[in-house]
There are 2 protein chains.
Amino acid sequence: MAKPVGRRGETRERVLRTALCLFRERGVGGASLQMIADQLGVTKAAVYYQFPSKDELVLAVVQPALDRLAEVVDLAEGIGEPDARRQAAVEGLIDLILDHRQIVATLYSDPAVAEVLDSHPDLGGLIERLRQLMFGPDPTPSRLIAAAMVGGGLISVGTEPLLADTAPDVLRRELRGAARLLLRD
Amino acid sequence: MAKPVGRRGETRERVLRTALCLFRERGVGGASLQMIADQLGVTKAAVYYQFPSKDELVLAVVQPALDRLAEVVDLAEGIGEPDARRQAAVEGLIDLILDHRQIVATLYSDPAVAEVLDSHPDLGGLIERLRQLMFGPDPTPSRLIAAAMVGGGLISVGTEPLLADTAPDVLRRELRGAARLLLRD
DNA sequence: GTCTATAGCCCGATAGAC
DNA sequence: GTCTATCGGGCTATAGAC
């Protein structure tokens, strides 16, 4: 809704950038619309003109990463051989995390986000499909553990402040190596 | 459910247990003192009799894990050889996470917790010392990445709901193996 | 130790002028 | 598109009776 945002929708973009920044710093629950508005130099009501509710704003902030996740899962599921399929999922996840570090950090920063995302109809199924890809059809404990380790490790590396300035291709190479080690590809 | 409490200090323990449970489910910011009191069948004021503020309650809930972390760091720092030192830190961390899964999940559930902990005088230094132990004196990017991967992976495995019923010694063995792989011990 | 009651603040959200 | 002004509600925290 609200696509003809006057001209160019530039304000909307500024709100999204500022919101992402504050969500990242203070968590979604800790970043009020007042803070976002103050940082932009406008009032809360101006933000409400762009987004009908805070939930909608949160959703809009994380949407790019969700779209990308859907692409990754779709692509991986199209691969027949199980190991290659999981490998495609892992590499897609790595690229996703590196391309959307701040959003991923936001997603994992606050349980309130999970609640907002539960209202997103497709997402629950999407995550379940991702789990299937990562764990395989018959998840043994050690496979579960390895997959959880990879997932958490990727996110941790992608969001670690000390690694914020590390070149993405270095990170990508190391992460692929680490995932391969843990999953014994 | 609970009836008048007989012994001294028992109520305090019940508050702590209930708070941890709710913090884990809804995040610290999402769990109000009203909810905690309701679940215990008392009023907010009764909780305030036990803890002077919500921040103090949060601190008391996570204190056991912080104490344990201090032990782990102290012990590891006493080891001279760098690789053995890091190995001791990693194994101590693994045991800590397995023994305090719920607290660790709480610690990582909400940025609000980090703010509370910043008021804890010793903790900042403690985490810095842990970083030193994990990264070593001269952290190359690939060492940084491996250490971040291990840290995030351990937490992810320790808090993954699907692994809640997995035997601790299985988890411990797998986690030690994974850490050894990644850190090339 | 636990209660009732309330103060005081900030939140998300809405109404309507410009 | 942005503003001022306000509403209703939940929050932490306190005061004082029992």
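Letters A, B, ... are given to chains in the order of the sequence lines, protein chains preceding strands, and every chain is numbered from 1. Everything numeric here is computed off the predicted structure, so don't read it as measured data.
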ask   = From D:dC3, C:dC11, D:dC11, pick the nucleotide closest to the side chain of A:Val42?
value = D:dC3

Quickly work out the [X] [atom1] to [N] [atom2] distance and round it to whole Å.
X: B:Ile36; N: D:dG10; atom1: CD1; atom2: C1'; result: 15 Å
X: A:Leu33; N: D:dC7; atom1: CG; atom2: P; result: 20 Å
X: B:Met35; N: D:dT12; atom1: CE; atom2: P; result: 9 Å
X: B:Gln34; N: D:dG9; atom1: CD; atom2: C1'; result: 13 Å
X: B:Asp38; N: C:dC3; atom1: CG; atom2: C1'; result: 14 Å

inquiry  = Run the side chain to side chain contact (heavy atoms under 4.5 Å, CB included) test against B:Arg129 and tell me which residues pass, sequence neighbours left out.
reply    = B:Val73, B:Asp74, B:Glu77, B:Leu126

key: Trace of the salt bridge (Lys or Arg N to Asp or Glu O under 4.0 Å) decision for B:Lys54 with B:Glu115   = CA-CA 13 Å; B:Lys54 188 180 182 181; B:Glu115 239 166 281; over 6 Å; no

key: Shortest non-hydrogen contact between B:Ala60 and B:Phe51, atoms and distance   = CB-CE2, 3.7 Å

query = Which atom names give the shortest non-hydrogen contact between A:Leu183 and A:Ala146, and what distance separates them?
reply = CD2-CB, 4.1 Å

query = At under 4.0 Å, does any side-chain N or O of A:Ser32 touch on OP1 or OP2 of C:dC10?
reply = no

ask   = Does a sphere of radius 6.0 Å around CG in A:Asp165 hold more than 12 heavy atoms from other residues, nucleotides or ligands, not counting ones at 6.0 Å or beyond?
value = no

N/O donor to acceptor pairs below 3.5 angstrom from side-chain atoms of residues 28-36 of chain B, sequence neighbours left out:
| residue | atom | partner | partner atom | Å |
| --- | --- | --- | --- | --- |
| B:Ser32 | OG | B:Gln34 | N | 3.4 |
| B:Ser32 | OG | B:Met35 | N | 3.2 |
| B:Gln34 | NE2 | B:Asp38 | OD1 | 3.0 |

key: Residues in contact with DNA chain C, drawn from residues 43-63 of chain B - heavy-atom cutoff 4.0 Å   = B:Thr43, B:Ala45, B:Ala46, B:Tyr49, B:Gln50

